[in-house]
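The structure appears below as structure tokens.
Start at 1 and go down the list; that is how both ligands and their atoms are numbered.
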Amino acid sequence: MARRPMVAGNWKMYKTAGEGAILTQNIDPLVADFWEDVEVVVCPPFTALKSVSTVIELDRLKMGLGAQDVHWEDEGAFTGAIAPRMLVDLRCDYVIVGHSERREYFGETDETVNKKAHAVFAANMVPIVCVGESLAVREAEETEAFVRGQVRAAVEGLSAEQAARLVIAYEPVWAIGTGRTPTPEGANDVCRSIRATVGAVFGQPAAISVRVLYGGSVKPENASMFFAEPDIDGALVGGAALDAASFASIVQAAR
Ligand code: PGA
């Protein structure tokens with residue numbers, strides 16, 4: 001399969017600028033041998049993007065940089081918000097969009113996720129769009145229909161070429177930070193359905209190219225089981241991304 005696996009670390013609201021630079025320097029030697037095979041991305045909080053970006057540039061690390069959120073406007077009176085061009089200025093490659101914590105605590109909707117996805121592409125970065133069902137949706141056995149709806153809303157109006165470059169992270173809300181996960185086969189079923197949705201909207205080439213990650217309690221102990229599944233192209237990692245050795249062993253499992 002031609003898709004290059006990706007392992008992205010979502011640092012959430014952890015790590016100062018200095019701590020983030022050190023974590024990046026600690027991750028690098030542990031993953032340096034795997035760069036050809038696996039795309040490694042770190043997503044620090046906004047305040048650590050500059051220091052991590054500087055480490056990546058000065059030490060010439062082959063690591064991608066992502067932000068955890070963005071506003072969809074180019075600039076304006078939006079106190080506290082960050083515009084896409086500000087992230088480009090810090091050499092960000094990716095932006096996480098629509099993480100379930102943003103949806104739950106910060107009023108992110110399918111509509112704002114879609115606006116942000118467009119804005120990220122317009123700035124020549126790539127969105128990592130997060131989707132995933134709550135426990136209630138899962139128990140009602142509506143997971144695939146729900147996730148398909150989130151995907152369709154997120155990608156509305158994108159071009160087929162953009163859809164092909166998109167990264168979608170399937171993160172069941174009930175698996176994030178809980179130590180609980182779906183079975184690898186169950187996660188793969190939803191990831192396959194996400195890929196099929198992209199195919200239905202944009203055609204088969206986009207479906208073949210779009211990378212679909214699994215996220216939610218990915219650890220060194222379970223990562224390789226998820227990566228063995230055909231429609232899972234890597235992972236979006238939260239807690240285990242804050243420790244260089246844990247993150248690196250997940251990267252290694254993705255080879
Ligand atoms: P977790 O978080 O790995 O700590 O479950 C994943 C995420 O929220 O992206």
*asked:* Tell me the contacting part of N10 for ligand 1: side chain, backbone, both, or neither, using a 4.0 Å heavy-atom threshold, strictly below.
replied: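 The answer is the side chain.
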
*Would you say A240 touches ligand 1, if touching means a heavy atom closer than 4.0 Å?*
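False for this residue.
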
*Mark the output for G215 as yes if a heavy-atom distance to ligand 1 is under 4.0 Å, and as no if none is.*
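The answer is no, since G215 has no heavy atom less than 4.0 Å from ligand 1.
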
Shortest protein heavy-atom distance from [atom], along with the residue and atom involved:
{"atom": "atom 4 (O) of ligand 1", "result": "G239 N, 2.8 Å"}
{"atom": "atom 9 (O) of ligand 1", "result": "E171 OE2, 2.7 Å"}
{"atom": "atom 3 (O) of ligand 1", "result": "G238 N, 2.8 Å"}

_Sidechain-backbone polar pair: S53 side chain, L90 backbone, donor-acceptor under 3.5 Å_ =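 Indeed, once roles are kept as given, a pair shorter than 3.5 Å links the two residues.
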
Quick check on contacts: which atoms of ligand 1 are under 4.0 angstrom from a heavy atom of [X]?
{"X": "L236", "answer": "9 (O)"}
{"X": "K12", "answer": "2 (O), 7 (C), 8 (O)"}
{"X": "G216", "answer": "5 (O)"}
{"X": "H99", "answer": "7 (C), 8 (O), 9 (O)"}

Check this for me: does any side-chain nitrogen of one of [X] and [Y] sit under 4.0 Å from a carboxylate oxygen of the other?
{"X": "D231", "Y": "R192", "answer": "yes"}
{"X": "K62", "Y": "E39", "answer": "no"}
{"X": "E156", "Y": "R152", "answer": "no"}
{"X": "E73", "Y": "K115", "answer": "no"}
{"X": "K219", "Y": "D243", "answer": "no"}

*All pairs passing salt bridge (charged side-chain N to carboxylate O under 4.0 Å, His left out) where residues 95-106 contributes a residue, at least two apart*: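 Those involving residues 95-106 are K12-E101, D69-R102, R103-D110.
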
*Output all residues satisfying side chain to side chain contact (heavy atoms under 4.5 Å, CB included) with T16, sequence neighbours left out; order by chain, then residue number.*
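For T16, the residues satisfying side chain to side chain contact (heavy atoms under 4.5 Å, CB included) (neighbours in sequence not counted) are E19.
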
*Going by distance only, is there an N or O of S217 that falls short of 3.5 Å from an N or O of ligand 1?*
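For ligand 1, there is an N or O atom that lies under 3.5 Å from one belonging to S217.
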
